[in-house]
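Everything on this sheet refers to the single structure shown next.
Because the structure is a prediction, the values reported are computed rather than measured.
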Amino acid sequence: MVRRALEEAIRHALKEMGLDLRLKVAKAPKDKPGDYGVPLFALAKELRKPPQAIAEELKARLALPPFVEEVIPVGGYLNFRIRTKDLLKEALRPKEPFPKREGLVLIEHTSVNPNKELHVGHLRNIALGDSLARILDYAGRRVLVLNYIDDTGRQAAETLFALRHYGLTWDGKEKYDHFAGNAYVRLHQDPEYPNLQGGIEEILHALERGELREDVNRILLAQMATMKALNAHYDLLVWESDIVRAGLLEKALRILEQSPHVFRPTEGKYAGALVMDASPFIPGLEDPYFVLVRSGGAATYYAKDIAFQFWKMGLLEGLYFQPYENPYYPALRTSAPQGEPYTPRARETINVIDVRQSHPQALVRAALALAGHPELAEGAFHLAYETVLLEGKQMSGRKGLAVSVDEVLEEAERRALAVIEEKNPDHPAKEEAARMVALGAIRFAMVKTEPRKQIDFRYAEALSFEGDTGPYVQYAHARAHSILRKAREWGEIDLAQATPYERELALALLDFEEAVLEAAEEKTPHVLAQYLLDLSASFNAYYNAKEDGRPATPVLTAPPGLRELRLGLVRSLQETLKTGLSLLGIPAPEVM
RNA sequence: GGGCCCGUAGCUCAGGGGACAGAGCAGCCGCCUUCUAAGCGGUAGGUCGGGGGUUCGAAUCCCUCCGGGCCCGCCA
């Protein structure tokens, strides 16, 4: 954390000069002296001196960290050259997770309706949520991952209804969630659909009583095979029917009714309904009233969301958990009618839901605030990601206009296998490597872009193995691993033999922790993904460096001491890439 | 009508007050008797959507306009 130490030193020196602020240390451009630098123009007005003079004064006052070799004023900038030995030592230091801090972060992601197979729209949700959970865990947070199962929803009801209505029996050939999903699509294409509402209602009620849980579970288990194939991790399942049974909604309403902003109008548009006035918390609303309970007595879906959020943050309790029997996640627990009582009491939650839910999510925060917990409202973060287009077009689950995750995984594996057959026919475990590469391509494609940007899922790009892709990073890792495998005996490292090439690579290695912390802070994995691309590029450049047409940086055949230094850096790089990929839920193959 | 987000190279995107705007793909030219060429180097390509403002300094902040997406139901 060289950069942080520099920032600290600068902060102290500035304090002596009468300024209490923190400057950001950036990398110096290649054509400027030094490794890092800070611009000082902003201080000119405050200190009434030209930036050049400030640079000189700051230089004189700085209590230099021992690793700084030279402080160089350059115009209005103050640059720092790091002592090569210290730079290398820092780069060689093994990276470790940050120490644990207090407080639980609860991440909800996936939460797919248990009524059909997962499609590529779900992919972004899972990749973002799972990566973020891993990053936060590494960054020192205690993380609990929750997957919500809406087993009392209309979608599940329609699928179960369709299976019965059409008298469909599963022949075991098709994956069960695909089979069930086809029934759902068929129902929506059926001209008789409007006349089938009664039957659907009946199923809906049975679901609310928790009677058809096994039917839903069967679909869920099939979906879970896909989640597992995506290398997503979960700690808890929470079923909507359990929430209903535990009466969380009623408990939440009782809390909300304490608020003067929740009431039952006796006349007008909202007569007889229980409404919430969100205007103190969400400014600029045309109509600040939101119905929590309809005049007919039924709760709205955001009332349910609010109740669930209250439970997550410990404002109410009543759910029970037990081990969840399944072949994929041995430690997974599920809510159930009976079992151990458990309430997470998270002070921070992250709900991974697409941007179209921004408004309801704002209502959830408003409800926390008007329940008297503005600090919990602060801690309730909505990771709002933009939707995924399919080859430029909006997807639709009902119409079956989507590509399934299973299909994409299979296609990616086929393509990866073909590349391996071609490039590395002697590969000892082709299928396994193909699976890793396929997963790397898909998950990386989902997290390399900022969440708030809409992405277009195109086969050609998402399954590409070249350029800014997961496999590019995996390849750099495999290359590094290959060198380490062949190294066998190591002698003593001699830092003094370092060339500018080693320096460059070391400098790139130093940014890993910053990237992880920023990803955790901003709650966006793309920062880490972009860093891993940069780091891989640095290594590939190092690997390919040539002088006069000859390799400039051979590792294995380098003179003793330098060889070990290079091996050390390669090992550090290999481990950093592996760790970084793992934080994106992507495996790092040793051979590709 | 009200609100949120996006607009950077032909395409897909990084960069979100500071040192000449960077990658990948596509194009062109090179590099495998060398640790994996899924790679590397070079070349070409930009009014950072338009205009105004703030600032010593704006792709970055503010205003406005244009283009695109989304949300605003006693549906979920």
Side-chain angles (χ1 to χ4, degrees), chain A residues 24 26 28-29 31-32 37-42 44-45 50-51 74-77 79 113 150 153-155 269-275 282-287 289-302 304-305 354-360 362 384 386-387 389 394 416 419-420 422-424 427 437 441 445 448-450 452-456 458 460-461 464-469 471-472 474-476 478-487 526-527 529-530 533-534 536-537 539-546 549-551 553-558 566-567 570 591-592:
Chain A
K24 254 195 337 209
D31 58 334
K32 295 289 187 295
V38 267
L40 301 168
F41 306 95
K45 203 180 301 168
V74 191
Y77 294 83
N79 284 13
N113 275 311
D150 187 7
R154 184 157 186 98
Q155 319 230 29
K269 186 178 164 192
Y270 296 111
L274 185 70
V275 303
I282 309 176
L285 290 170
E286 243 176 318
D287 179 352
Y289 293 165
F290 295 90
V291 174
L292 297 172
V293 181
R294 296 176 200 124
S295 47
T300 57
Y301 80 100
Y302 35 76
K304 293 178 195 167
D305 280 358
D354 76 56
V355 68
R356 291 172 298 188
Q357 293 279 343
S358 292
H359 197 247
E386 261 293 352
T387 49
L389 299 179
Q394 202 66 244
V419 175
I420 293 168
E422 180 206 330
K423 311 218 178 215
N424 197 355
H427 195 293
V437 171
K448 77 173 176 188
T449 308
E450 271 186 289
R452 64 162 165 270
K453 290 210 166 122
Q454 192 164 59
I455 57 178
D456 188 3
R458 294 185 192 170
E461 282 167 27
S464 163
F465 303 144
E466 291 166 23
D468 283 351
T469 65
Y472 176 84
Q474 291 175 313
Y475 185 69
R479 266 184 158 174
H481 207 277
S482 165
I483 295 173
L484 295 171
R485 236 184 353 260
K486 291 178 179 163
H526 89 278
V527 173
Q530 294 292 338
L533 288 173
D534 284 349
S536 302
F539 177 62
N540 280 327
Y542 179 82
Y543 184 96
N544 279 306
K546 294 218 169 74
R550 310 183 140 275
T553 54
V555 175
L556 298 175
T557 57
R566 289 179 171 168
L567 280 171
V570 170
V591 186
M592 275 172 74

key: 5′-ward residue of the pair A:Thr469/A:Val355 relative to RNA chain B   =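 In this pair, the answer is A:Thr469.
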
query = If each of A:Thr387 and A:Leu40 is mapped to the nucleotide of RNA chain B with the nearest heavy atom, which maps nearer the 5' terminus, i.e. the 5' end?
reply =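 Its nearest nucleotide being more 5', the pick is A:Leu40.
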
task = Give a yes-or-no answer on whether the side chains of A:Tyr472 and A:Asn540 include a donor-acceptor pair shorter than 3.5 Å.
result =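 A:Asn540 and A:Tyr472 do have a side-chain donor-acceptor pair below 3.5 Å.
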
Quick one: label [X] by what it contacts on the DNA or RNA (base, sugar-phosphate, nothing), any heavy atom closer than 4.0 Å.
| X | result |
| --- | --- |
| A:Tyr543 | base |
| A:Thr553 | base |
| A:Gly37 | base |
| A:Ala441 | nothing |
| A:Asp305 | nothing |
| A:Ser295 | base |
| A:Glu286 | base |
| A:Val275 | nothing |
| A:Val591 | base |
| A:Arg356 | sugar-phosphate |
| A:Lys448 | nothing |
| A:Leu285 | nothing |
| A:Ala42 | base |
| A:Asp354 | nothing |

Using the [atom1] atom as the point on both nucleotides, what is the distance between [M] and [N], in whole Å?
| N | M | atom1 | answer |
| --- | --- | --- | --- |
| B:A59 | B:G3 | C1' | 26 Å |
| B:G10 | B:U64 | P | 30 Å |
| B:G50 | B:A37 | P | 43 Å |
| B:C11 | B:G7 | C1' | 15 Å |
| B:C6 | B:U12 | C1' | 14 Å |
| B:U8 | B:G22 | C1' | 10 Å |
| B:C13 | B:G46 | C1' | 15 Å |
| B:C5 | B:C25 | P | 33 Å |

inquiry  = With a 3.5 Å distance limit and no angle check, can you tell me whether A:Asp150 reaches the backbone of A:Asn113 through a side-chain donor-acceptor pair?
reply    =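 Side chain of A:Asp150 to backbone of A:Asn113: no pair is present.
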
request  = For the pair A:Thr300 (side chain) and A:Leu292 (backbone), establish whether a donor and an acceptor sit closer than 3.5 Å, ignoring hydrogens and angles.
outcome  =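 Indeed, once roles are kept as given, a pair shorter than 3.5 Å links the two residues.
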
message = Run the ring-ring contact (aromatic ring centres under 6.0 Å, His included) test against A:His427 and tell me which residues pass, sequence neighbours left out.
response =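 Not a single residue meets the ring-ring contact (aromatic ring centres under 6.0 Å, His included) criterion with A:His427.
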
Measuring only between side-chain heavy atoms, which start at C-beta, is [X] closer than 4.5 Å to [Y]?
| X | Y | result |
| --- | --- | --- |
| A:Leu556 | A:Leu567 | yes |
| A:Ser536 | A:Gln474 | no |
| A:Val437 | A:Tyr475 | no |
| A:Glu466 | A:Val419 | no |
| A:Ile483 | A:Arg566 | no |

inquiry  = Syn or anti for B:C72, given that syn means the glycosidic angle lies within 90° of 0?
reply    =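 Anti.
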
request  = Hey, could you give me the NZ/CZ distance between A:Lys423 and A:Phe465, rounded to the nearest 0.5 Å?
outcome  =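 Interatomic distance, A:Lys423 NZ to A:Phe465 CZ, rounded to 0.5 Å: 10.5 Å.
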
ask   = Tell me, which stems hold RNA chain B, with a stem being 3 or more Watson-Crick or G-U pairs in a row and both distances under 3.5 Å?
value =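 So the stems come out as B:1-7 with B:66-72, B:10-13 with B:22-25, B:27-31 with B:39-43, B:49-53 with B:61-65.
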
ask   = Which is the 5'-most and which the 3'-most nucleotide of RNA chain B that has an atom under 4.0 Å from a heavy atom of chain A?
value =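 Going 5' to 3' along RNA chain B, contacts run B:G1 to B:A76.
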
Face-on cation placement of A:Arg479 at A:Tyr543 ring, 6.0 Å and 45° thresholds =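 The answer is yes, since A:Arg479 meets both limits relative to A:Tyr543.
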
